[in-house]
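Along the sequence shown, the residues carry numbers beginning at 1. As the structure is a computational prediction, the values presented were derived from the model and not from experiment.
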Amino acid sequence: MTVLTPELLDSLEPSTRDVNEACLLPPLLYTSEEFFAFEKDAVYGHSWLCVGREAQVPEPGDWYAFDIVDEPLLVTRDKTGTVRVLSAVCQHRGMVVAEGSGRDCTKFTCPYHHWSYALDGRLLGAPAMEKAVGFDKACHSLAALRTETWQGFVFATFDPDVAPLAPTLTELDPFLEHYELPTSTYRAGKRLTDLPWNWKVMLENFNDPYHASRLHGPLQTFAPSGMSDFFDWRDDLGHISRVQHFTDLDGSFNPTKRAILPVFPSLTEDERRRGLFVLVPPTLALAIVPDEVAYFIVKPQGANTISIDIDYCFDPSAVEDPMFEYLFAAAEAGVDNFNVQDVYADTMVQRGLRSRFGPRGRYSWQEGTLPQFNRWLVQRYRAAWPSGLVTTNQGEMA
């Protein structure tokens, strides 16, 4: 018996109402492996997925491997300077052609039978295939995903027909303009794996100001829970975001609660008194303060497990400071202070959602981003819900 019943679909509507009327999605949506298998196509198969920054492949021949929902990918910059996202699956027998990352690469050679591919995915060589009847190298390229870049981030999609990403994010651009993110300095952070909670729990917690003044206590006094502005929701939005106002100038995520790295120099005084929390679901979460942009790429490993890549963007002047490594360590430690508390909370939320008493709790007005996220999700669930699942008069599935 499938969990994807008409009754479950109908039960999602209360979670999409106004924040003061809405409630949590059914706990099953966070815990069921069958439901996660549905999401792999319904959500991840038809959305724009962040796979990193252009700055990670600064020169032709640069590349790195990236896995998302069991799909091994390669992010490359080819000889023409074009950033591409390719499947890493050899079109001979399915071997993954490369792992890790590299520089000055001219081709990928599969370690199994030495089929070789260009950085744009074209099959270059296939040893001992001359006797294969009708074999045409042009028909055996690595699959290439549609790609877009936005604010220096690289996005790809498995869906050749999905609407472009950038128009769904345009209202964010004025808020990000003075950070000059496309030319900011990229800095790798941490890679966390086997974190024991659902990907939606992660995104909900990330953009929920309600918990900030409670769970994070003194760490968060510069950005109180009640000082957020929420964007109005529209069905064509590709983000769920909020503006977080600060109690003073240049608040930041470190033990001093003030900027310790160079503030992005084009910021206005008003912009230095606020931050921004942005979700571009299902993969990217941005925490933006005057001296740093911390971003999280969330990658599910199953219904109850995720991994996260945590990286940073800074103004280029930051790395010119001889003290940068020490200041970065302090800034990263500040983010880690929040993460330790969030890891505990997310772990225990997932445990609670697996309980027979798992709730569909009501939201506070300070959780305005959560029903918006639910609307984004339910749009995609409804579009992909299996057809033909109807109930008989006896209540059984036909």
Subject >> Step-by-step side chain to side chain contact (heavy atoms under 4.5 Å, CB included) determination, Leu172 to Ser241 >> reply: CA-CA 9 Å; Leu172 290 174; Ser241 306; 3.5 Å; yes
Is it true that [Y] and [X] share a donor-acceptor pair across their side chains at a distance under 3.5 Å?
{"X": "Arg84", "Y": "Thr76", "answer": "no"}
{"X": "Arg362", "Y": "Asn20", "answer": "no"}
{"X": "His216", "Y": "Asn337", "answer": "no"}
{"X": "Thr80", "Y": "Asp78", "answer": "yes"}
{"X": "Asp173", "Y": "Trp150", "answer": "yes"}
{"X": "Thr256", "Y": "Asn254", "answer": "yes"}
{"X": "Ser213", "Y": "Ser225", "answer": "yes"}
{"X": "Thr305", "Y": "Asp194", "answer": "no"}
{"X": "Asn198", "Y": "Gln350", "answer": "no"}

[X]-[Y] aromatic ring centre distance below 6.0 Å:
{"X": "Tyr363", "Y": "Tyr210", "value": "no"}
{"X": "Phe135", "Y": "Trp115", "value": "yes"}
{"X": "Phe264", "Y": "Phe314", "value": "no"}
{"X": "Phe231", "Y": "Phe175", "value": "yes"}

Original post:
What do the steps show when you test Val97 against Val89 for side chain to side chain contact (heavy atoms under 4.5 Å, CB included), and what is the final call?
Top reply: CA-CA 6 Å; Val97 301; Val89 176; over 6 Å; no
Original post:
Checking side-chain hydrogen bond (donor to acceptor under 3.5 Å, both in side chains) for the pair Asp315/Ser317: CA distance, chi angles, key distance, verdict?
Top reply: CA-CA 5 Å; Asp315 182 72; Ser317 67; 2.5 Å; yes
Original post:
Looking only at heavy atoms, what is the nearest atom pair of Val298 and Ile68, with distance?
Top reply: O-CD1, 4.1 Å
**OP:** Could you pull out the closest heavy-atom pair between Pro209 and Gln366, with the gap in Å?
**Re:**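 Heavy atoms only, the tightest pair is CG-O, 2.9 Å.
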Original post:
Is atom CD of Glu34 surrounded by more than 12 heavy atoms (other residues, nucleotides or ligands) closer than 6.0 Å?
Top reply: yes
**OP:** Inspect the surroundings of CG in Asp136 and state if more than 12 heavy atoms from other residues, nucleotides or ligands are less than 6.0 Å away.
**Re:**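 Correct, the count exceeds 12.
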Original post:
With ILVMFWY side chains joined below 4.5 Å, transitively, what does Tyr344's cluster contain besides itself?
Top reply: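 Members besides Tyr344, by chain and number: Met348.
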**OP:** Test Gln244 against Ser228 for side-chain hydrogen bond (donor to acceptor under 3.5 Å, both in side chains), laying out the working first.
**Re:** CA-CA 5 Å; Gln244 174 66 62; Ser228 283; 2.9 Å; yes
Please check: side-chain N/O of [X] versus main-chain N/O of [Y], any donor-acceptor pairing under 3.5 Å?
{"X": "Ser32", "Y": "Leu29", "result": "no"}
{"X": "Asp291", "Y": "Leu261", "result": "yes"}
{"X": "Gln372", "Y": "Thr369", "result": "no"}
{"X": "Trp48", "Y": "Ala163", "result": "yes"}
{"X": "Arg380", "Y": "Asp41", "result": "no"}
{"X": "Glu54", "Y": "Thr149", "result": "no"}

Rounded to the nearest 0.5 Å, what's the gap from [atom1] on [X] to [atom2] on [Y]? Could you check?
{"X": "Phe328", "Y": "Glu325", "atom1": "CZ", "atom2": "CD", "result": "7.5 Å"}
{"X": "Leu370", "Y": "Asn207", "atom1": "CG", "atom2": "CG", "result": "8.0 Å"}
{"X": "His245", "Y": "Asp229", "atom1": "NE2", "atom2": "CG", "result": "3.5 Å"}
{"X": "Arg53", "Y": "Cys313", "atom1": "CZ", "atom2": "SG", "result": "3.5 Å"}
{"X": "Tyr295", "Y": "Tyr312", "atom1": "OH", "atom2": "OH", "result": "10.5 Å"}
{"X": "Lys137", "Y": "Ser116", "atom1": "NZ", "atom2": "OG", "result": "7.5 Å"}

Should [X] and [Y] be counted in the same cluster of Ile, Leu, Val, Met, Phe, Trp and Tyr side chains packed under 4.5 Å apart?
{"X": "Val349", "Y": "Phe296", "answer": "yes"}
{"X": "Tyr117", "Y": "Leu74", "answer": "yes"}
{"X": "Tyr64", "Y": "Phe108", "answer": "no"}
{"X": "Trp63", "Y": "Val51", "answer": "no"}
{"X": "Val19", "Y": "Met227", "answer": "no"}

Original post:
salt bridge (charged side-chain N to carboxylate O under 4.0 Å, His left out) with Asp250: which of Arg272, Arg273, Arg274, Lys257?
Top reply: Arg272
Subject >> Option passing salt bridge (charged side-chain N to carboxylate O under 4.0 Å, His left out) with Asp311 (candidates Arg187, Arg191, Lys190) >> reply: Arg191
Original post:
Less than 4.5 Å apart, any side-chain heavy atom of Thr147 and any of Phe155?
Top reply: no
Original post:
Quick one: are Lys79 and Leu119 in side-chain contact, heavy atoms under 4.5 Å?
Top reply: no
Original post:
Looking at Phe36, Phe35, Tyr44, which hits ring-ring contact (aromatic ring centres under 6.0 Å, His included) with Trp199?
Top reply: Tyr44
Original post:
After noting the C-alpha distance and the side-chain angles of Glu180 and Ser266, does the key distance pass the side-chain hydrogen bond (donor to acceptor under 3.5 Å, both in side chains) rule?
Top reply: CA-CA 8 Å; Glu180 300 175 351; Ser266 297; 3.2 Å; yes
Subject >> side-chain hydrogen bond (donor to acceptor under 3.5 Å, both in side chains) between Glu171 and His239, worked out >> reply: CA-CA 10 Å; Glu171 70 179 347; His239 70 95; 2.9 Å; yes
Look at [X] together with [Y] and state whether they make a salt bridge at an N to O cut-off of under 4.0 Å.
{"X": "Arg375", "Y": "Asp235", "answer": "no"}
{"X": "Glu71", "Y": "Lys40", "answer": "no"}
{"X": "Glu39", "Y": "Lys200", "answer": "yes"}

Original post:
So Val289 and Phe246, side chain to side chain contact (heavy atoms under 4.5 Å, CB included) or not? Walk me through it.
Top reply: CA-CA 10 Å; Val289 290; Phe246 300 152; 3.9 Å; yes
Original post:
Who are the salt bridge (charged side-chain N to carboxylate O under 4.0 Å, His left out) partners of Arg103, not counting sequence neighbours?
Top reply: Asp62
Original post:
Can you name the residues that form a ring pair (Phe, Tyr, Trp, His ring centres under 6.0 Å) with Tyr30, not counting sequence neighbours?
Top reply: none
